[in-house]
Structures are given as C-alpha cells and as structure tokens.
S.K.: 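Structure incoming, see below.
Numbers restart at 1 for each chain; the letters A, B, ... are given by sequence-line order, proteins then strands. We use all heavy atoms of the structure for the numbers below, so side chains are in, but hydrogens, waters and symmetry mates are not.
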Number of protein chains: 2
Amino acid sequence: MRVIRGKSGTNQEGTSAHNRRVMIDALRLNGKLSRADLARASGLTKQTVSNIIDDLEQDGLVVSLAAVRNGRGQPSTPYRLVPEGAFAIGLQIDRHVTRVIAVNLVGTVLVRAEANLPPGGPAKGVRVILDLIRQVRIELAGVAEHSEERLVGLCVAMPGPFGLAPDNDDQWMMAAWQSFPLLETLAAGTGLEVALQNDAAACATAERMVGAAHGVDHAICLYLGYGIGAGLILNGELYAGGNGNAGEIGMALLPPSAGRPERSPLEHRASLASLYQHLNADPADPKLHDRLNTLVSNADPAVASWIDAAAEELRWGVQLIETIFDPQTVILCSSAPEALTRRIFDAIHPLLPSIADRRGRALPRLQLGMTDPWSVALGAAAEPISRAFDPRFSAILKTRASAGGW
Amino acid sequence: MRVIRGKSGTNQEGTSAHNRRVMIDALRLNGKLSRADLARASGLTKQTVSNIIDDLEQDGLVVSLAAVRNGRGQPSTPYRLVPEGAFAIGLQIDRHVTRVIAVNLVGTVLVRAEANLPPGGPAKGVRVILDLIRQVRIELAGVAEHSEERLVGLCVAMPGPFGLAPDNDDQWMMAAWQSFPLLETLAAGTGLEVALQNDAAACATAERMVGAAHGVDHAICLYLGYGIGAGLILNGELYAGGNGNAGEIGMALLPPSAGRPERSPLEHRASLASLYQHLNADPADPKLHDRLNTLVSNADPAVASWIDAAAEELRWGVQLIETIFDPQTVILCSSAPEALTRRIFDAIHPLLPSIADRRGRALPRLQLGMTDPWSVALGAAAEPISRAFDPRFSAILKTRASAGGW
DNA sequence: TAATTAAGTCAATTGATTTGACTTATTTCT
DNA sequence: AGAAATAAGTCAAATCAATTGACTTAATTA
C-alpha cells in the first residue's frame with residue numbers, strides 16, 4: 001500500500017483529554033485553585049471547568065479543600081491534586097547497580113530499592129530487575145491503597161546513546177544492554193507500559209516535576225554522571241531528537257587545547273569517569289561515594305585539580321548551551337556527592353559572557369539541581385506521570401490504531 | 001489580581017482548526033490526495049474529511065483534479081493545494097540592503113524587490129521599507145487576484161540576537177534596529193500581522209517549506225551569512241528558545257586552539273564577515289558577490305585558505321549539532337555565492353564521527369541547502385504561511401483574549 | 001437593608017466528529 | 001456477459017464536550 005505522509009487529526013476526545021491535562025497541570029503549578037481560577041487560567045468556561053473537575057474528583061485525582069472567603073462574592077472552593085491519584089515506577093540501570101523507585105502523582109517517592117547487577121549480562125540482569133520491580137510493587141501496595149490499579153507506567157533510564165552499533169569502547173558492557181530487547185521483556189514481565197530515557201533526560205524529567213525546572217518551559221539539565229549529558233526541556237516538553245539521542249553531549253568532540261593536542265570528547269574531560277581515572281579509583285568500588293566525600297572535605301589536591309579542569313570545560317559547556325538553546329535557566333545535576341557537585345558548581349563561576357547575560361532575568365543562569373544518586377531513578381518514575389497527565393501535543397492527536405469507520 | 005500559571009484549554013474550534021491544518025499539511029507533503037487518502041493519513045473519518053475538504057474548497061485553498069482509477073472500486077478524486085489560496089510578505093533587513101518578497105501558499109516567489117538602506121538609522125530606513133512593501137503589494141495585486149484579502153501576514157528576518165543590551169561591537173548599526181519599535185511600526189504601517197525571526201531561523205523556515213527540510217521533523221539549518229547561526233526545526237516546528245534567540249551559535253565561544261590563544265566566538269572564525277576581513281574586502285561593496293564568485297572560480301589562494309580554516313570549524317560545528325540535537329539531517333545554507341558554498345560544503349567533508357553515523361540513514365548527514373541571497377527573505381515570507389496553515393500545538397489552544405462567558 | 005461582586009449550577013444549545021447504511025464506479029472472478 | 005468484490009464517497013441521524021445565558025448562593029460594601 002502506498003505510504004501517505006501526514007500528521008494525525010483530532011476530535012472531541014482529544015479536546016477533552018487535553019483540557020483534563022490542563023487542569024492537572026495548573027493545579028500542579030499553583031498548588032490549589034478554585035474552579036473559577038481554573039477557568040481563568042485555561043480560558044475555558046466555568047461550566048466546562050466544573051464538569052472536568054467533577055470528573056477528576058470522581059477519578060480520585062483531585063479533592064476540594066475548605067471554602068475560603070476572598071472578599072466580595074461567594075467564597076471559592078479550592079481544589080488540589082490527590083497525591084495517591086496515580087503511581088508510577090522508575091527504573092535506573094547503571095553500570096553496576098539497578099535502582100527502582102515508586103512515586104505518586106505529585107512526585108513523592110514512596111518506595112525505593114536497589115540491587116547489584118550480577119555479571120552475566122542482560123539476560124541474567126533482567127531477572128534481578130524484574131524481581132526488584134515486583135518487590136517494589138508489593139511494598140507500594142502496602143503503603144498505598146489501589147496502587148496497582150493506579151499504576152500508569154514504567155520508565156527505564158540508562159546511559160545512552162541508544163540504537164548505535166556497539167563498537168564503542170564501553171568496558172562496562174552497557175553495549176550488551178543496547179542489543180537486548182529490554183523494553184519488550186520488561187513490558188511482558190510487568191504488564192506495564194514501558195518507556196525509555198537516557199539518564200540526563202531522566203534527570204531533567206525529575207527537575208521538571210519536583211525540582212528547579214518546575215513550571216519552567218525552557219530549561220537545560222546538565223547531568224554529570226559516569227558520562228555527561230544534557231536533558232532538554234523545550235517548550236515545556238522533554239525533547240528527544242530524531243532518534244532519542246538528543247542531548248548526548250558527552251560525545252561532542254572538543255577542539256585541541258592547551259595540553260591536549262587531539263580532539264577528544266567532552267566525556268573524557270568532564271565526567272565522573274574522568275575523575276575516577278584521574279584518581280586511579282575503581283568505579284565499581286561501592287564505597288567510592290563515601291571516599292569521594294571524604295576527599296572533597298579534606299580538600300584533596302588531586303580532586304581539586306580535576307575540579308578546576310572539569311569546571312573549565314563545563315563553563316564553556318554552559319555558555320554553549322545558553323548560546324544554542326536560549327533557555328530560561330541551566331541546571332547542574334550530578335550523581336556525585338553533593339559536596340563535590342557544589343564545588344564544581346562554584347568552580348564554574350564566574351560564567352562566561354553569553355546572550356543569557358540579560359537584565360531582569362527571572363531565574364539564575366546556572367542553578368544547582370538534584371545531587372541525589374536516586375534522582376535519575378526518580379526522573380524515570382516521573383516520566384509515566386508526565387506522559388499520562390501533562391499537557392502535550394501528542395496527547396491531543398488521534399492514534400492511528402484507534403481510527404475506524406473508513 | 002493574583003497571577004495564575006497554567007496552559008490554555010481547547011474546544012471544538014481548536015479541533016476543527018487543527019484538522020484543517022492537517023489536511024493542508026498532508027496535501028503539501030504528498031502533492032495530491034483523495035478524500036479517502038486524507039482520511040487514512042489523518043486518522044479521521046471519511047465523512048469528516050469530506051466536510052473539511054468541502055470547506056477548504058469553498059475557501060479557495062484546495063481544488064479537485066480529474067478522477068483517477070486506482071484498480072478496484074470507485075475512482076478517487078484527488079485534491080491539491082491552490083497556490084493562489086494565500087499570500088504572505090517576507091522582509092529581510094540586512095546591514096546594507098533590505099529585501100521584500102511575496103509568496104503564495106505553496107511558497108512560490110511572485111514578487112521581489114530590493115533597496116539600499118539609507119544612512120540615518122531605523123527611523124529613515126523604515127520609511128524605505130514601508131515604501132518597498134507597498135510597492136510589492138501593488139505588484140502582487142497585479143499578478144494575483146484577491147491577493148490583498150488573502151494576505152496572511154508579514155514576517156521580518158534580521159540578524160539576531162534580539163533583545164540584548166546594544167553593547168556589542170556591531171559596527172553595522174544593527175543595534176539601532178534592535179531598540180527601534182520595528183514590529184509596531186510595521187504593523188501600523190501595513191495593517192498586517194507582523195512576526196520576527198533571525199536570519200538563520202528564516203532560512204530554516206524556507207528550507208522547510210520548499211527545500212531540503214520539506215517534511216522533515218528534525219532538521220538543523222546551519223546558516224553562513226555575515227554572521228553564523230542555526231535554524232532549529234524540532235518536532236516539525238521552528239524552535240525559538242526562551243527569548244527568541246535559540247540557534248545564535250555565532251556567539252558560542254570556542255576554546256583556544258592552534259594559532260588562536262584566546263577564546264573567540266565561532267563568528268570570528270567561520271562567517272562571511274571573517275572572510276571579508278581575511279580578504280580585506282569591503283562588506284558594503286555591491287559587487288562583492290560577483291567578485292567572490294570570480295575569486296572562487298579562479299581558485300584564489302586567499303579564499304582557499306579561508307575555506308580550509310572555516311571548514312575545520314564548521315566540521316566541528318556539524319558534529320556538535322548532531323551530538324546535541326540528534327537531527328535527521330543538517331543543512332548548510334549560505335548567502336555566499338553558490339560556488340563558494342559548495343566549496344565549503346566539500347571542504348567540510350569527510351565529517352567527524354558522531355552518533356549520526358548510523359546505518360540505514362534516510363537522509364545524508366549534511367546537505368547543501370539554498371544559496372540564493374533571497375533565501376532569508378523567502379523564509380521570512382514562508383513564516384506567515386506556516387503560522388497560518390501548518391499543524392502546531394499553539395494553533396489548537398484557545399487564546400486568552402477570545403475567552404468569554406465566565 | 002440594599003446594592004454589588006464573585007463563585008458556582010442548571011438546562012438548553014451549538015457544532016464538529018462519528019456512525020452506519022447507502023450509492024456509485026470500477027475491477028476481478030465465474 | 002454477468003455476478004461478486006472492492007473502494008470512494010455521500011446521507012442523515014446520533015453523539016458529546018464545550019458554550020450560553022439565566023439563575024442561585026454567599027460574601028462585602030455603601
């Protein structure tokens with residue numbers, strides 16, 4: 001059959017779905033709002049808002065609070081989101097460990113669990129993961145009623161890039177995970193909708209739901225993990241690129257510079273991998289996090305020299321990101337200990353001049369984001385919530401599968 | 001009054017507007033389609049498509065062609081866009097000249113006019129511009145009936161970045177234009193809706209409507225003009241950033257490299273400004289374009305050495321763009337003579353390895369785009385057409401102003 | 001106490017999409 | 001040649017989310 005290119009249409013269902021999402025989004029951003037407030041915020045009529053809020057209340061997604069007098073006129077009844085209205089599971093697969101988190105509608109972490117990934121590759125690892133997920137779901141059911149019915153999905157976060165030939169020099173066998181049918185296996189094993197993000201994107205998702213990017217429509221999350229990547233919030237949505245690899249700036253080649261005659265990827269100069277190499281540390285050492293903490297608080301000179309070198313690259317990276325994306329803010333996140341991340345953050349300053357250097361900025365050019373080792377898993381958990389409840393273009397459109405009646 | 005944050009809702013009007021846009025988009029992409037084809041492409045029912053197409057035919061935006069037999073079943077009646085269904089004006093303001101173009105619904109250029117900008121700044125210049133626009137509209141009315149009723153808007157393209165303090169070392173007084181209330185003056189002087197884009201964005205808009213980015217949802221246009229910038233097509237829409245300055249990569253600071261001990265902006269190394277400086281040429285010289293052409297065809301060594309140096313920076317730039325955006329393709333555009341642009345294009349190759357280096361690519365990693373000096377003006381003219389007829393999220397949403405009935 | 005203001009509801013209307021049956025025109029099978 | 005199958009497209013009624021305008025309720029202000 002001839003392929004016809006074109007975008008999808010929409011109908012009343014799409015309209016209604018969008019308006020529900022708009023209500024939830026407004027409540028998430030403003031905490032609590034009356035029906036009249038929601039009508040003003042959305043541009044919809046009071047009546048429409050009333051209908052939608054009634055629905056959402058029925059669905060257990062919002063509840064009313066005590067009426068408040070706001071001066072003249074009938075007191076308004078504010079509504080807020082019900083945290084227990086929905087749940088999602090986030091899974092992080094890292095080189096040595098895997099983490100699973102359960103969150104609720106407002107992004108509160110309810111359950112977390114961690115396990116070491118056994119040697120033997122994905123086939124064995126996925127069994128550990130499925131067990132961990134099962135365990136988290138059971139625990140979740142213990143602390144939250146109806147959690148199973150209200151589970152909206154699962155998202156996996158792991159280092160990218162995705163879908164490339166596994167010819168890169170990745171000694172941590174993440175490449176093996178790339179060729180393993182992970183999403184299918186997880187979908188079958190959990191019965192949930194499964195999504196995939198790289199770790200920087202997950203970090204951005206977390207910052208958007210409960211962090212520094214909350215309510216910000218244009219923000220870039222610079223995530224310093226084992227590698228380095230950027231999570232792109234553009235027009236209020238995570239941008240994934242043509243093949244899901246947008247923001248993988250660790251692979252950006254830097255021009256030769258003083259002392260480095262070769263072009264080399266940013267990842268080799270500014271990433272925790274480069275720090276470990278600089279320190280001759282074993283990345284698989286479970287006590288590494290604590291050891292790093294100690295080194296930082298002791299002002300270890302080897303760490304300090306790495307920080308200075310990395311901060312110089314990152315200072316440049318921030319300027320580049322500002323120049324390319326013109327975001328409202330850039331957020332520095334890391335899986336490194338908070339003290340170390342803060343040291344790096346400080347060392348990046350003063351920032352280079354850029355187009356972001358404008359008067360009357362509402363947000364700082366660079367902010368410190370989450371430094372919790374769990375933040376990537378949290379972001380993964382936030383993704384299904386966002387997919388299910390945030391206003392987005394794709395949520396309005398008809399899906400091809402559901403089209404009938406030709 | 002308390003400010004409530006939140007997104008806009010939608011209703012049947014939004015649905016209908018979107019579906020009309022989807023039909024137009026599908027016809028633009030596929031050339032001609034029957035009602036049944038459109039139903040399949042959009043996921044809407046045949047009946048809905050029939051209603052919309054009837055409307056569009058009434059509005060003079062589509063026409064039917066002769067029925068065609070496609071095998072079994074009743075022959076289908078294809079429809080196509082009517083080029084004369086809408087018109088738009090594009091205005092380019094450059095350092096020395098201003099150009100005005102009129103296009104129709106399918107992006108065909110109908111009228112073009114050019115004038116030198118007089119010394120004396122924007123106040124004088126804007127009078128020249130308004131005269132030029134008036135002249136183009138009169139000429140357009142001569143070659144296209146009902147052009148005035150069907151004029152959907154005006155877009156201005158000029159070098160960015162916009163909205164910054166005019167403290168930069170811009171000797172061509174583009175800074176003066178920044179502080180001048182240009183859009184308001186043009187809106188009042190023409191009675192049209194006026195939009196603004198930087199020149200790289202305009203170039204991308206042109207490539208998307210009639211060039212290499214036609215029907216491509218993720219493409220980056222690298223525009224080599226007096227400065228250098230990138231036009232970002234993300235998710236099928238032009239991305240402007242938080243303040244309309246996304247893609248202004250000319251201001252990206254490059255690390256020091258061999259022979260350049262200082263950080264310097266990309267613009268100083270790879271832009272026509274840098275070429276003019278290298279050649280000791282006067283950018284205001286009206287014969288410069290022709291002279292450059294001659295130099296290129298004579299294999300002038302000064303030009304060749306500049307090309308090599310610039311290509312090295314651009315090769316890096318392409319790799320960076322691929323790494324950051326993960327686009328389906330990168331398009332090299334320029335206001336330089338085609339021969340020169342082609343030489344640069346060739347000199348950029350071979351490209352650096354990147355995540356774009358994947359098997360089974362549908363599009364080349366780097367393509368040569370428009371090299372017409374008029375392409376920025378064309379892109380500006382394409383913007384109102386795109387704004388009026390392309391499917392986009394914002395077109396679905398209610399505008400706050402139109403909300404009533406609280 | 002009456003007027004004003006604002007939140008929220010009620011019941012009827014609107015209007016784009018959907019549904020399912022139908023007509024028309026062509027090819028393919030017998 | 002005739003019947004069956006297939007596909008395009010229309011007709012008329014139904015659906016359903018948003019809208020409209022009048023109304024009720026409950027507070028403040030004059």
S.K.: I need the CD-C1' distance between B:E13 and D:dA17, as an integer number of Å.
M.R.: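 These atoms are roughly 14 Å apart.
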
S.K.: D:dG9 phosphate, OP1 or OP2: any side-chain N/O from B:S34 under 4.0 angstrom?
M.R.: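 Yes, within the criterion.
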
S.K.: In whole Å, what is the span from the CG atom of A:D55 to the P atom of D:dA17?
M.R.: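 Checked: the CG to P distance equals 8 Å.
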
S.K.: Name the residue closer to the 5' end of DNA chain D, choosing between A:T15 and A:R72 according to the nucleotide with the nearest heavy atom.
M.R.: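 Taking each residue's closest nucleotide, the earlier one in sequence belongs to A:T15.
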
S.K.: Roughly how many Å is it from NZ in A:K398 to P in C:dA16, rounded to a whole number?
M.R.: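 For the pair A:K398 NZ and C:dA16 P, the rounded distance is 16 Å.
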
S.K.: Starting at CZ of A:R35 and ending at P of D:dT24, how long is that distance when rounded to a whole Å?
M.R.: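 About 19 Å, once rounded to whole Å.
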
S.K.: Take atom CZ of A:R361 as the centre, draw a 6.0 Å sphere, and report whether it contains more than 12 heavy atoms from other residues, nucleotides or ligands.
M.R.: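 Yes, the 6.0 Å shell around CZ holds more than 12 heavy atoms from other groups.
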
S.K.: When the distance from CG of B:N70 to C1' of D:dG9 is rounded to whole Å, what number comes out?
M.R.: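 From B:N70 CG to D:dG9 C1': 13 Å.
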
S.K.: Indicate, with a heavy-atom threshold strictly under 4.0 Å, whether B:T48 touches base, sugar-phosphate, or nothing.
M.R.: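 Base contact.
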
S.K.: Return the value, rounded to whole Å, for the distance between atom CG of B:N11 and atom P of C:dT17.
M.R.: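 Interatomic distance, CG of B:N11 to P of C:dT17: 12 Å.
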
S.K.: Can a side chain N or O of A:T45 be found less than 4.0 Å away from OP1 or OP2 on D:dA18?
M.R.: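 Result: no.
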
S.K.: Using a 4.0 Å heavy-atom cut-off, does B:N51 contact any base of the nucleic acid, only the sugar-phosphate backbone, or nothing at all?
M.R.: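 The residue B:N51 makes base contact.
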
S.K.: Output yes when B:D217 and A:R5 qualify as a salt bridge under the 4.0 Å nitrogen-oxygen rule, no when they do not.
M.R.: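 Looking at A:R5 together with B:D217, the answer is no, because their closest N to O distance does not fall below 4.0 Å.
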
S.K.: What is the distance, to the nearest angstrom, from the CG atom on B:D54 to the P atom on C:dA16?
M.R.: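 In whole Å, C:dA16 P and B:D54 CG are 13 Å from each other.
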
S.K.: Please check the phosphate of C:dA16 (OP1 and OP2 only) for any side-chain N or O of B:S16 closer than 4.0 Å.
M.R.: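 So the side-chain polar atoms of B:S16 never come under 4.0 Å of the phosphate oxygens OP1 or OP2 of C:dA16.
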
S.K.: Looking at B:R69, I'd like to know whether one of its side-chain N or O atoms comes within less than 4.0 Å of OP1 or OP2 on C:dT27.
M.R.: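 The answer is yes; a side-chain N or O of B:R69 sits under 4.0 Å from OP1 or OP2.
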
S.K.: Rounded to whole Å, how long is the line connecting atom CG of A:L38 with atom P of C:dA6?
M.R.: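 In whole Å, C:dA6 P lies 18 Å from A:L38 CG.
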
S.K.: For B:R35, run the side chain to side chain donor-acceptor pair (under 3.5 Å) check against B:T48, B:D54, B:N51 and tell me which one passes.
M.R.: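 Exactly one pass, corresponding to B:D54.
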
S.K.: Which is more 5' along DNA chain C, the nucleotide nearest A:S50 or the one nearest A:Q74? Just name the residue.
M.R.: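 Residue closer to the 5' terminus by nearest nucleotide: A:Q74.
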
S.K.: Might you point out which heavy atoms bring A:D326 and B:G244 nearest each other, and give the distance in Å?
M.R.: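 Heavy-atom minimum between the residues: OD2-N, 3.3 Å.
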
S.K.: With a 4.0 Å cut-off on N to O distance, would you call A:D37 and A:R40 a salt bridge?
M.R.: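 Counted as a salt bridge, because a side-chain N and a carboxylate O are separated by less than 4.0 Å.
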
S.K.: Ignoring backbone atoms, establish whether B:N19 has a side-chain N or O less than 4.0 Å from OP1 or OP2 of C:dT17.
M.R.: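 Checking B:N19 against C:dT17: at least one side-chain N or O falls below 4.0 Å of OP1 or OP2.
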
S.K.: Would you mind telling me which residue lines up with the more 5' stretch of DNA chain D, B:G73 or A:I52, judged by nearest nucleotide?
M.R.: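 Looking at the nearest nucleotide for each, B:G73 comes out on the 5' side.
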
S.K.: Think A:R40 has a side-chain N or O under 4.0 angstrom from the OP1 or OP2 of C:dA7?
M.R.: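 A:R40 to C:dA7 OP1/OP2: side-chain N or O found under 4.0 Å.
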
S.K.: Going by the side-chain contact (heavy atoms from CB on, under 4.5 Å) test, name the single residue among B:N104, B:V106, B:I24, B:L105 that passes it with B:I385.
M.R.: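 So the option named by the test is B:L105.
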
S.K.: Let's test your reading of the model: under 3.5 Å, does the base of C:dG15 pair with the side chain of B:Q12 as donor and acceptor?
M.R.: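 Donor-acceptor pair under 3.5 Å: yes.
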
S.K.: According to a strict under-4.0 Å criterion, is A:T77 in side-chain N/O contact with OP1 or OP2 of C:dG8?
M.R.: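 Yes, because at least one side-chain N or O of A:T77 sits under 4.0 Å from OP1 or OP2 of C:dG8.
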
